[in-house]
2 protein chains.
Amino acid sequence: MKRNLTIGIDVGATTIKGGVVDIVESKILSQQKVDTFALRGPSAVLQQLNLIIKELMLEYRYDEFTGIGIGAPGIVDNDNSTVKNPPNFTDWTEVNLGEVIKKEFNLPVVVENDANAAALGEAKFGAGIDYQNFLFIIWGTGVGGGIILDNKIYRGPFGGAGEIGHTTIDYNGPLCNCGNRGCIESYIGQRYLSERTRQKLEQLPKEAPQSKIIQLVKGNLGLIEPYIISVAAEQGDPFAKEILSEAGNLLGVAIASILNVLDLRIVVVGGGISAAGEYVFNAITKSVRSRVLTSIKPDVKVIPAKLGNTAGIFGAASLVINK
Amino acid sequence: MKRNLTIGIDVGATTIKGGVVDIVESKILSQQKVDTFALRGPSAVLQQLNLIIKELMLEYRYDEFTGIGIGAPGIVDNDNSTVKNPPNFTDWTEVNLGEVIKKEFNLPVVVENDANAAALGEAKFGAGIDYQNFLFIIWGTGVGGGIILDNKIYRGPFGGAGEIGHTTIDYNGPLCNCGNRGCIESYIGQRYLSERTRQKLEQLPKEAPQSKIIQLVKGNLGLIEPYIISVAAEQGDPFAKEILSEAGNLLGVAIASILNVLDLRIVVVGGGISAAGEYVFNAITKSVRSRVLTSIKPDVKVIPAKLGNTAGIFGAASLVINK
C-alpha cells in the first residue's frame, strides 16, 4: 500500500533537523540532522538542506512523498517560499528557498516561519489538538510564537505575525535588542534572564542563604543559564524558584494583553525554558488569570506544549497538507 | 429607480443615533437620534430602537430597504444578533436584539460591537478605505478599537476581539477598572487622563507659570476634561501640550505591541480625545515608530479617523452588505 509521506524540516541557526512524517498515522518515521552552516551564506545552507532531504528520502519510495515543508527563522513571504532576514544567517537578505528545493526534488514545497510551523505542529498533533484557536509561545533563546486561528496560522498581511516577544510590559523597562524598551523578551529571553539572575544573586544580602545556583556553576556566575536555574529550583532552591515564578509572572503580563486584544483563551507554551515545569506554569497561569478581562477569565488555560523538539518537524510536514 | 438603502444604528449608553445610508453613493441620506434609556432595562431600550428605526423609515419606500445594521456596546455573539453585558446598561445580561428587531421590521438584521462597527465604517467609507488591514482605535471615554483584516472585522473566536484599551504598558502601573494594572486605558481614558492632569497641576511648583487649563475651569480642577486640555493646548499652553503628547506617547506603546504581534502597519485613530489633533498624532506616530520592529517601521502610518460621529452609522449600515 502506498503511504502519504511528507518531509518536515526545521531550520535552526546551528542545526537543521528533519523527519519523514506519516501524517495519517501522526508519526515521525525517521529523523536526521545536519549542521546549518548559517555563517557560510545561503548556498552553504541550501547544500545542507539538499543533503538532509536526500538522506531522509533514501529509505523510502519517491512516489510515497507528497511534499516538503520547511520551517525557517526570519519572515517568510506570502508566497510561502521566500525567507527574509533570518537572524544570525550571514549574507541572507532574501532567498527563495522554496523554489530551489522544489526544482531539486520536483515535489511541492511550502515554507513557513519556524515559530509558526511549531505552532501548527502543536495545533495538528500536540497540545492544541482540541482547540481551534490559541496563542502559541516558544520560550527559549528568545520569546517567539504563533497565533492559531480556526486551525490555521495567522500570518498577518506580510507574514511577520506572532512576534509575541516584543510585547511591551513596561514602557520604561530594559532596552531590548529590537531597539524598544521593556519587551517581555528583554526580561525573560535566555540571555536576559541569565543576566537578571546573576545581578540579583550579586545583590543578595550576605546573610541570605546561598543559592544552589552558585554551587551548580561552581561560583562562576557567567555560566548561569535558564537550565541551571531550573535544576536549582527542582532541588528546592527558593531563590531559583522565585526567579522562575517572577519570569512566569512577567510572561503572563504579555500573554494577558494579547488574549484581550484577540479574544483568545488558550495558551500553549513550549521551548527550553518552559520545560522548567510547574514553577513556571503555575506563575504564568496565575498572572494571566488575574489580568485578563472578565469575559475571558473563566475559560483561560495555559497548557505545556507536547511535542518538544519535534513540533517544528511535525508543523513543517503539515504545511504541505494544509496548503 | 429603486435604491439600495440600509439603516445603520449606533447604540450608545445615553443616545441611539441612526441613519439611512445609501451604500452605493457612500452617503447618509438622513439622521435621527433618540435617548437610550439604558438604565430602564432592555425593553425600554428596544422600544427606543423601534422608535428610531420607524422614524428613519418614514420618508422612504419600504421596498428600498435591504436591511438594518446595529452597533452596540458589549460583546456581540457569533450569531451577530445577541448582545451580552453592555457596560452601563441595567438588567442586561444577554438580549437577542437582532431577533426582536428582525421580527418587528421583517428585514435582515446584523448586530456588531460598536467599536467594531466604527472600525468597519472607517474601512469602507473613511480613513481606512485604501487599506485592507489596519488597527482602529477609538479614544474617548475609554480606549476601544477594532481590528480590520482583509477588509473584514476580526471578531475573535467569541466576538470580543479588539479590546485595545486593556493592553498593559506597565505591569506595575495604575489599577484599571477592569481589575488589571497598567492598561493603557488606565492612563489615557477620559476619566483617568483628567485625573492625572489634575494631580500633575497640583504638583506643579508654585513658581511655574500657571496653565491655561486652570483659567478654563475657573480654578475648579474637578471640571478638567480632555476637551479642556485640548483647548488649552490650542491656545499654546505648554503644560497642556505636554499632557497630550505624553498621552499620545503612551498610546503609542500599546499600539506598537499590537502591531508587532499582528504584523500590521496602519493605525486609524478616532474618538473625542484624538480630535485634539497634531500634538496627539505627532506623539503617537513618534512613539509607535520608535518602538515597532524593524520590519514594520518603514511602513508605519498613524492616520486620523475621517468619519467622526458617523463612523458607527456607516459601519453598522455596511454590516448588512458584508454579511
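A note on names: the letters A, B, ... follow the listed sequences, proteins ahead of strands, and every chain is numbered from 1.
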- Query: Looking at A:Lys200 and A:Glu242, does any basic side-chain N land under 4.0 Å from a carboxylate oxygen?
  - Reply: no
- Query: Is the shortest side-chain N to carboxylate O distance from A:Arg265 to A:Asp263 below 4.0 Å?
  - Reply: yes
What part of [X] lies closer than 4.5 angstrom to a heavy atom of chain A: side chain, backbone, both or neither?
{"X": "B:Asn260", "result": "both"}
{"X": "B:Leu259", "result": "neither"}
{"X": "B:Phe158", "result": "both"}
{"X": "B:Leu262", "result": "both"}

Just give me the residue among [options] that pairs up with chain B most often, heavy atom to heavy atom, under 4.5 Å.
{"options": "A:Pro157, A:Cys178, A:Ser287", "answer": "A:Pro157"}
{"options": "A:Leu293, A:Ile169, A:Asn133", "answer": "A:Ile169"}
{"options": "A:Asn85, A:Val261, A:Asn172", "answer": "A:Val261"}

- Message: Nearest 0.5 angstrom please: A:Ile296 CD1 to A:Arg289 CZ, how far?
- Response: 12.5 Å
- Message: I need the B:Ile188 CD1 to B:Leu193 CG distance, nearest 0.5 Å.
- Response: 7.5 Å
- Message: Assess, by modelled atom type and distance only, whether the side chains of B:Asn78 and B:Arg155 contain a donor and an acceptor separated by less than 3.5 Å.
- Response: yes
- Contact origin within A:Tyr154 toward chain B - heavy atom pairs under 4.5 Å: side chain
- Sort out for me which of B:Leu149, B:Thr294, B:Ile258 touches chain A most, counting heavy-atom pairs under 4.5 Å. B:Leu149
- Note on the structure: Greatest number of non-hydrogen atom pairs under 4.5 angstrom with chain A, of B:Gly162, B:Gly156, B:Ser257, falls to B:Ser257
- Quick one: do A:Phe134 and A:Asn151 satisfy side chain to side chain contact (heavy atoms under 4.5 Å, CB included)? Show the steps, please. CA-CA 9 Å; A:Phe134 64 90; A:Asn151 275 319; over 6 Å; no
- Minimal non-hydrogen separation, A:Gly270 against A:Phe136, with atom names: N-CE1, 4.4 Å
